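Side chains included, hydrogens not; waters and symmetry mates left out as well; all remaining heavy atoms used. Everything numeric in this text was worked out from a predicted model, so none of it was measured.
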Amino acid sequence: MATDAFYMKKALEEARRAYEEDEIPVGAVVVCGDRILARAHNLTETLTDVTAHAEMQVITAAANALGGKYLNECTLYVTLEPCVMCAGAIGWAQVKRLVYGATDEKRGYRMFAPQAIHPRTEVVSGVMADESMALLKDFFKGKR
């Protein structure tokens with residue numbers, strides 16, 4: 001059985017893809033059992049869509065893979081703490097576990113809507129947070 005760090009590395013691979021595509025480097029994977037159902041990264045610039053966050057993309061892909069809208073047996077790994085919009089989607093999808101890397105002090109759901117996540121969702125934070133934050137800082141340093 002793989003560890004949270006193993007799957008977070010997969011999410012970081014997606015974040016690096018976003019970086020290469022000049023997207024904010026956030027990546028996500030959804031795992032059910034020991035199988036990765038879906039992988040995604042931010043596509044807001046590519047799709048010209050403010051809702052095209054990594055979490056939104058991966059939730060849709062995982063639901064399609066499962067053939068149902070609920071991810072109540074799945075774990076969502078994401079490199080950055082979800083925003084309020086994504087937390088709402090995670091709540092509606094009834095994700096069993098949410099594992100994220102870096103904390104988002106400016107836009108994270110915990111600051112604005114901590115109850116957005118489904119009450120049964122187990123939340124684990126800080127998994128490979130340093131690596132996730134370093135990628136984000138490097139990206140934005142290049143923008144300024």
(message) Using 0.5 Å steps for rounding, measure from the CD atom of Gln57 to the OG1 atom of Thr51.
(response) 7.5 Å
(message) For Tyr77 and Tyr7, take the angle between the two ring planes, folded into 0 to 90°, and tell me which bin it lands in: parallel under 30, tilted 30 to 60, perpendicular over 60.
(response) tilted
(message) Taking the side chain as everything from C-beta on, heavy atoms only, tell me whether Leu43 gets closer than 4.5 Å to Asp49.
(response) no
(request) State plainly whether one hydrophobic cluster holds both Leu80 and Phe112, where clusters connect Ile, Leu, Val, Met, Phe, Trp and Tyr through side-chain heavy atoms under 4.5 angstrom apart. (result) no
(request) List for me each residue that meets salt bridge (Lys or Arg N to Asp or Glu O under 4.0 Å) alongside Arg17, sequence neighbours excluded, and say none if there are none. (result) Glu14
(request) Could you tell me whether the side chain of Val31 reaches within less than 4.5 Å of the side chain of Phe6, counting heavy atoms only? (result) no
(request) Kindly work out whether a path of hydrophobic side-chain contacts (I/L/V/M/F/W/Y, heavy atoms less than 4.5 Å apart) joins Tyr109 to Met111. (result) no
(request) List in chain and number order the residues that pass salt bridge (Lys or Arg N to Asp or Glu O under 4.0 Å) with Arg97, two or more places apart in sequence or in another chain; answer none if no residue qualifies. (result) Asp4, Glu122
(request) Please examine the side chains of Thr79 and Leu135, heavy atoms only from C-beta on, and report whether any two atoms are closer than 4.5 Å. (result) no
(request) Hey, could you give me the CG/NZ distance between Asn72 and Lys96, rounded to the nearest 0.5 Å? (result) 8.5 Å
(request) Output the distance between atom OG1 (Thr75) and atom CG (Leu37), rounded to the nearest 0.5 Å. (result) 10.5 Å
(request) Looking only at non-hydrogen atoms, find the nearest pair between Val99 and Met8 and report the distance. (result) O-CE, 3.6 Å
(message) Give me the atom names and distance for the closest heavy-atom approach of Cys86 to Glu55.
(response) SG-OE1, 3.4 Å
(request) State, yes or no, whether a side-chain contact exists between Ile90 and Leu76 at a heavy-atom distance under 4.5 Å. (result) yes
(message) Please enumerate all residues that pass side-chain contact (heavy atoms from CB on, under 4.5 Å) together with Ala116, with sequence neighbours excluded.
(response) Ala87, Ala113
(message) Give me the atom names and distance for the closest heavy-atom approach of Val58 to Ala40.
(response) N-CB, 3.6 Å
(message) If you compare all heavy atoms of Ala11 against all heavy atoms of Val29, which two are closest, and at what distance to 0.1 Å?
(response) N-CG1, 4.0 Å
(message) Restricting to side chain to side chain donor-acceptor pair (under 3.5 Å), what partner residues turn up for Thr103, sequence neighbours left out?
(response) none
(message) If hydrophobic residues (ILVMFWY) are linked whenever their side-chain heavy atoms come closer than 4.5 Å, directly or via other members, who joins Met85 in its cluster?
(response) Met56
(request) Please examine the side chains of Cys74 and Leu66, heavy atoms only from C-beta on, and report whether any two atoms are closer than 4.5 Å. (result) yes
(message) Tell me the closest heavy-atom pair linking Met128 and Ala5, and the distance in Å.
(response) SD-O, 3.6 Å
(message) Let me confirm one number: the CZ-CD distance from Arg16 to Glu131, rounded to the nearest 0.5 Å.
(response) 8.5 Å
(message) Whether the side chain of Thr121 engages the backbone of Val95 through a donor-acceptor N/O pair (distance < 3.5 Å, no angle test) should be reported.
(response) yes
(request) State whether the side chain of His118 and the backbone N or O of Gln115 hold a donor-acceptor pair below 3.5 Å, judged by distance alone. (result) no
All N/O donor-acceptor pairs, side-chain side in residues 19-27, below 3.5 Å, sequence neighbours left out:
from, atom 1, to, atom 2, distance (Å)
Tyr19, OH, Asp138, OD2, 2.7
Glu21, OE1, His41, NE2, 3.0
Glu21, OE2, His41, NE2, 3.4
Asp22, OD1, Lys143, NZ, 2.6
Asp22, OD2, Lys143, NZ, 3.0
Glu23, OE1, Thr44, N, 3.1
Glu23, OE1, Thr44, OG1, 3.4
Glu23, OE1, Glu45, N, 3.0
Glu23, OE2, Glu45, N, 3.1
Glu23, OE2, Thr46, N, 2.6
Glu23, OE2, Thr46, OG1, 2.7

(message) Which heavy atom of Leu98 sits nearest to which heavy atom of Val78, and what is that distance?
(response) CD1-CG1, 4.1 Å
(request) Drop me the distance from Lys106's NZ to Glu81's CD, to the nearest 0.5 angstrom. (result) 13.5 Å
